[in-house]
Participant: 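Shown below is the structure under consideration.
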Amino acid sequence: MKIYARTKERQLVSDPYVKTSDRDKYAKSATPMDKRSFTCGGCGKGFSETYLLNRHFRIHTHEKSYSCNTCSKIFSIRSHLNQHYQTHTSEKPYSCDVCSKEFTHKSTINIHRTRTNEKQYSCNVCGKEFGKKCNLDTHYRIHTNEKPHSCDVCGKAFTQKSHLIIHYRIHINEKPYSCDACSKEFTHKSALNNHYRTHTNEKPYSCDVCGKKCSQKGSLIRHYRTHTSEKPYSCDVCSKKFADKPTLNNHCRLHTNGKRNSCDICGKEFAEKCNLDMHYRIHTNEKPYSCDICGKAFTQKGNLDGHYRIHTSEKPYSCDACSKKFTHRSTLNKHYRTHTNEKPYLCDVCGKEFLQKGNLDIHYRTHSNEKPYSCDVCGKQFTHKSTLNNHYRIHTNEKPYSCDVCGKAFTQKGHLDIHYRIHVSEKPYSFDACSKEFTRKTTLRKHCRTHTNK
């Protein structure tokens with residue numbers, strides 16, 4: 001298998017750990033690429049040295065030649081095995097020259113050094129400092145909203161070229177990284193690394209202030225802001241600052257003047273056209289993404305990915321506060337607010353605050369009198385979809401929830417839960433004045449009136 005070298009002479013890239021057929025498969029279209037003369041024919045990534053290209057091949061061939069003699073876990077790169085082995089020995093070979101603190105991984109000490117060493121490049125908008133100018137330039141695009149790298153398939157733009165490369169794999173359905181524990185595949189390596197920690201429960205990122213450990217680098221960065229009170233994301237309209245980008249995005253929705261994309265059916269407006277396209281499927285009932293196991297269809301690919309975890313029982317998102325695990329990141333974010341009591345969603349009409357955006361959207365319909373969900377049998381309209389689903393069973397007489405004790409069936413799960421308390425003698429609602437207990441909350445309210453009417 002031949003590829004172009006810097007001298008423009010052809011060289012043979014040989015490696016005892018890569019099969020000849022696999023090398024030919026992924027490097028047969030290798031061509032010079034700027035200063036990176038060795039290019040992978042499988043994904044187009046370029047490398048400056050042959051050994052880097054040979055090591056990269058193993059991503060495609062899934063070959064793992066290095067195994068741990070303690071737990072038998074295998075790796076494709078020797079350095080990864082060495083890093084892993086330190087989890088058994090508790091060895092911390094990297095120490096900080098300033099404070100002498102020790103670390104297991106080189107990447108962790110680099111993060112530590114960036115916070116302790118002098119940062120000579122600072123952002124003139126928010127004041128955030130960086131050790132490298134290239135990092136400052138990339139950060140600055142947060143404020144300018146510059147996205148110079150765009151996808152030639154769907155037009156979506158990105159601030160960094162690496163994000164565009166990862167995004168492009170969605171169109172070609174390429175997932176070059178697979179988990180050696182459960183064989184699940186991923187589009188980028190960081191997602192695989194984060195997923196793999198659900199098997200090992202490893203938390204390699206630790207806070208150098210309070211010692212708290214996190215499974216993901218992003219979680220550590222967000223946690224670290226609780227110590228520094230840093231808020232690097234600011235609103236272009238009112239200049240309010242936020243600690244993370246999702247909270248900023250939620251806040252920006254309060255400024256409705258920026259919503260230029262409106263639905264021609266219900267009039268709802270969106271800041272981005274992609275959100276309008278997804279919303280439009282509510283009206284068309286289009287569900288282009290289907291599960292290949294049970295056949296259930298979804299309007300969004302993210303919803304399909306989340307649903308798929310029902311079959312695999314995977315829970316890749318864990319709470320840093322109580323270690324509880326969740327199937328979806330959004331569920332983790334909602335749960336985390338039970339610790340912080342944060343209510344980031346504010347109604348711009350009455351000022352009421354909510355933990356979840358969905359609750360704000362439903363609440364907002366009390367002001368707009370919007371009822372986007374209608375029954376196709378009788379035409380009755382509803383504020384949210386769950387109410388429509390419950391109503392629809394009146395026409396079908398469907399009772400999907402049955403009691404496993406007596407067999408009685410119900411149209412709603414909530415009614416089954418209430419019924420089940422008859423068998424277990426559970427009475428979760430009590431009145432403080434007389435300590436009387438009740439099975440249902442409505443019964444408690446009726447009882448309360450007997451005291452207030454006296």
Side-chain angles (χ1 to χ4, degrees), residues 278-279 281-315 317 324-328 330-332 334-335 338 354-363 365-366 369-431 435-450:
M278 287 189 291
H279 159 82
R281 293 172 185 152
I282 296 175
H283 303 295
T284 62
N285 201 31
E286 178 190 5
K287 295 181 179 180
Y289 306 100
S290 60
C291 176
D292 55 3
I293 295 178
C294 66
K296 189 173 182 180
F298 299 87
T299 56
Q300 302 180 34
K301 186 178 183 295
N303 294 345
L304 171 61
D305 295 337
H307 161 82
Y308 198 74
R309 296 179 189 131
I310 296 174
H311 301 294
T312 62
S313 300
E314 179 191 2
K315 294 183 178 181
Y317 306 102
K324 190 174 182 180
K325 293 184 177 182
F326 299 89
T327 306
H328 303 84
S330 59
T331 312
L332 169 62
K334 294 171 186 175
H335 161 81
T338 61
F354 296 88
L355 285 170
Q356 303 178 27
K357 183 183 180 294
N359 294 342
L360 172 61
D361 294 339
I362 293 172
H363 160 81
R365 291 170 189 153
T366 60
N369 200 29
E370 179 191 5
K371 294 182 179 181
Y373 305 101
S374 61
C375 175
D376 54 6
V377 176
C378 65
K380 191 173 181 179
Q381 294 181 324
F382 299 90
T383 306
H384 42 282
K385 193 174 182 180
S386 59
T387 311
L388 169 62
N389 292 338
N390 293 334
H391 160 82
Y392 198 73
R393 294 177 186 133
I394 296 174
H395 302 293
T396 62
N397 199 29
E398 178 189 7
K399 295 182 179 181
Y401 306 101
S402 61
C403 176
D404 55 5
V405 177
C406 66
K408 188 173 182 180
F410 300 88
T411 57
Q412 301 181 34
K413 186 177 183 295
H415 294 170
L416 171 61
D417 294 338
I418 294 171
H419 161 82
Y420 197 75
R421 292 172 188 151
I422 298 173
H423 300 294
V424 297
S425 300
E426 180 187 2
K427 295 182 178 181
Y429 305 102
S430 62
F431 189 54
S435 300
K436 193 170 183 179
E437 296 178 338
F438 300 90
T439 305
R440 303 186 180 191
K441 195 172 185 179
T442 53
T443 312
L444 170 62
R445 288 174 180 167
K446 292 177 182 178
H447 173 78
C448 289
R449 297 188 193 109
T450 61

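Since the structure is predicted, the reported quantities are computational estimates derived from the model, not experimental observations.
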Participant: For the residue pair H447 and F431, does the interplanar ring angle fall in the parallel (under 30°), tilted (30 to 60°) or perpendicular (over 60°) class?
Facilitator: perpendicular
Participant: When rounded to the nearest 0.5 angstrom, what is the spacing between CD1 in I418 and OG1 in T442?
Facilitator: 6.5 Å
Participant: Could you go through the salt bridge (Lys or Arg N to Asp or Glu O under 4.0 Å) check for R421 and D417 one step at a time?
Facilitator: CA-CA 7 Å; R421 292 172 188 151; D417 294 338; over 6 Å; no
Participant: Set out, in order, the CA-CA distance, both residues' side-chain angles and the distance that settles side chain to side chain contact (heavy atoms under 4.5 Å, CB included) for L388 and S374, then state yes or no.
Facilitator: CA-CA 7 Å; L388 169 62; S374 61; over 6 Å; no
Participant: Looking only at heavy atoms, what is the nearest atom pair of T411 and K399, with distance?
Facilitator: CG2-CG, 3.8 Å
Participant: Walk me through it: do C291 and L304 pass the test side chain to side chain contact (heavy atoms under 4.5 Å, CB included)?
Facilitator: CA-CA 7 Å; C291 176; L304 171 61; 3.9 Å; yes
Participant: Please name the pair of heavy atoms, one in V377 and one in Y392, separated by the smallest distance, quoted to 0.1 Å.
Facilitator: CG2-CE1, 3.6 Å
Participant: Count the heavy atoms of every other residue, nucleotide or ligand shown that sit under 6.0 Å from OH of Y420, and state whether that count exceeds 12.
Facilitator: no
Participant: Rounded to the nearest 0.5 Å, what separation is found between the NZ atom of K427 and the NZ atom of K436?
Facilitator: 8.0 Å
Participant: Do the side chains of K334 and T331 get nearer than 4.5 Å, heavy atoms only?
Facilitator: no
Participant: Starting at CG of D361, measure out to CD of Q356 and round the result to the nearest 0.5 Å.
Facilitator: 11.0 Å
Participant: Which atom pair, heavy atoms only, marks the closest approach of C294 to H307?
Facilitator: SG-NE2, 3.3 Å
Participant: With a 4.5 Å cut-off on side-chain heavy atoms, are K408 and F410 touching?
Facilitator: yes
Participant: Would F326 and H328 satisfy side chain to side chain contact (heavy atoms under 4.5 Å, CB included), going step by step from the backbone distance to the final call?
Facilitator: CA-CA 6 Å; F326 299 89; H328 303 84; 6.0 Å; no
Participant: Provide the closest heavy-atom pair for H384 versus T387 in the form atom of the first, atom of the second, distance.
Facilitator: NE2-OG1, 2.9 Å
Participant: Just how far is it from atom CD1 of I362 to atom NZ of K385, taken to the nearest 0.5 Å?
Facilitator: 12.5 Å
Participant: Looking at every non-hydrogen atom in both residues, tell me the closest pair between I293 and Y308 and how far apart they are.
Facilitator: CD1-CE1, 3.5 Å
Participant: Roughly how far, to the nearest 0.5 Å, is the CZ atom of F438 from the SG atom of C448?
Facilitator: 7.5 Å
Participant: In sequence, state the C-alpha distance, the side-chain angles, and the governing distance for T284 and R281, and then conclude on side chain to side chain contact (heavy atoms under 4.5 Å, CB included).
Facilitator: CA-CA 5 Å; T284 62; R281 293 172 185 152; 4.2 Å; yes
Participant: How long is the straight-line distance from CG of N303 back to CE of M278, given to the nearest 0.5 Å?
Facilitator: 9.0 Å
Participant: Which pair of non-hydrogen atoms, one from H391 and one from F382, has the smallest distance, and what is that distance?
Facilitator: CG-CZ, 3.3 Å
